[in-house]
Amino acid sequence: MKEKYTTVKAVALRITELLRSQDITQYELAKRADLPDAIISYILNERNNTCKLNIVEKIASGFGMSLSQFFDSPFFEHDKFII
């Protein structure tokens, strides 16, 4: 059985993947995305039940990509989500 994710978990996994692949820190991402470091931390630690799209858009921009590029990941395949 495939692992199932909440949206927040999928976003956290994608951020972690991109942090590693771009070899940047959570703090550097926060600076690039013009967001408080605490927001990135809350997402990565799954402290919130939701993740607003405008925040994800800023995070994607911090990675130098569009929203569609951010969501172009196996973490967001519809059969992997908990409904």
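Values below: all heavy atoms of this structure, side chains included; hydrogens, waters and symmetry mates excluded. Quick caveat, the model's predicted, so the values are computed rather than measured.
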So how far is it from [X] [atom1] to [Y] [atom2], rounded to the nearest 0.5 Å?
{"X": "L44", "Y": "I15", "atom1": "CG", "atom2": "CD1", "result": "5.0 Å"}
{"X": "L67", "Y": "E57", "atom1": "CG", "atom2": "CD", "result": "5.0 Å"}
{"X": "T7", "Y": "L53", "atom1": "OG1", "atom2": "CG", "result": "11.0 Å"}
{"X": "I59", "Y": "R14", "atom1": "CD1", "atom2": "CZ", "result": "12.0 Å"}
{"X": "C51", "Y": "E46", "atom1": "SG", "atom2": "CD", "result": "11.0 Å"}
{"X": "E77", "Y": "Y5", "atom1": "CD", "atom2": "OH", "result": "9.5 Å"}

Let me check something: do Y42 and I55 share a hydrophobic cluster, defined by ILVMFWY side-chain heavy atoms less than 4.5 Å apart, either directly or through other members? no
Checking N49 against V8 for the side chain to side chain contact (heavy atoms under 4.5 Å, CB included) test, could you report, in this order, the C-alpha distance in whole Å, the side-chain angles of both residues, the deciding distance, and whether it holds? CA-CA 7 Å; N49 293 328; V8 173; 5.7 Å; no
N45 and S41: side chain donor to acceptor below 3.5 Å: yes
Non-hydrogen atoms of [X] and [Y] that approach each other most closely:
{"X": "A60", "Y": "S66", "result": "CB-O, 3.8 Å"}
{"X": "L19", "Y": "T25", "result": "CD2-O, 3.6 Å"}
{"X": "A30", "Y": "D37", "result": "CB-CA, 3.7 Å"}

Would you check if F70 and F76 make a side-chain contact, meaning some heavy-atom pair closer than 4.5 Å?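 Contact flag for F70/F76 side chains = yes.
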Could you walk me through whether Q22 and R32 pass the side chain to side chain contact (heavy atoms under 4.5 Å, CB included) check? CA-CA 13 Å; Q22 293 191 14; R32 290 181 184 186; 3.6 Å; yes
For side chain to side chain contact (heavy atoms under 4.5 Å, CB included), just list the numbers for F75 and K9, CA-CA rounded to whole Å, side-chain angles, deciding distance to a tenth of an Å, and then say yes or no. CA-CA 9 Å; F75 297 124; K9 176 72 170 181; over 6 Å; no
Taking atom CG of N54 as the centre, report whether more than 12 heavy atoms of other residues, nucleotides or ligands fall under 6.0 Å from it. yes
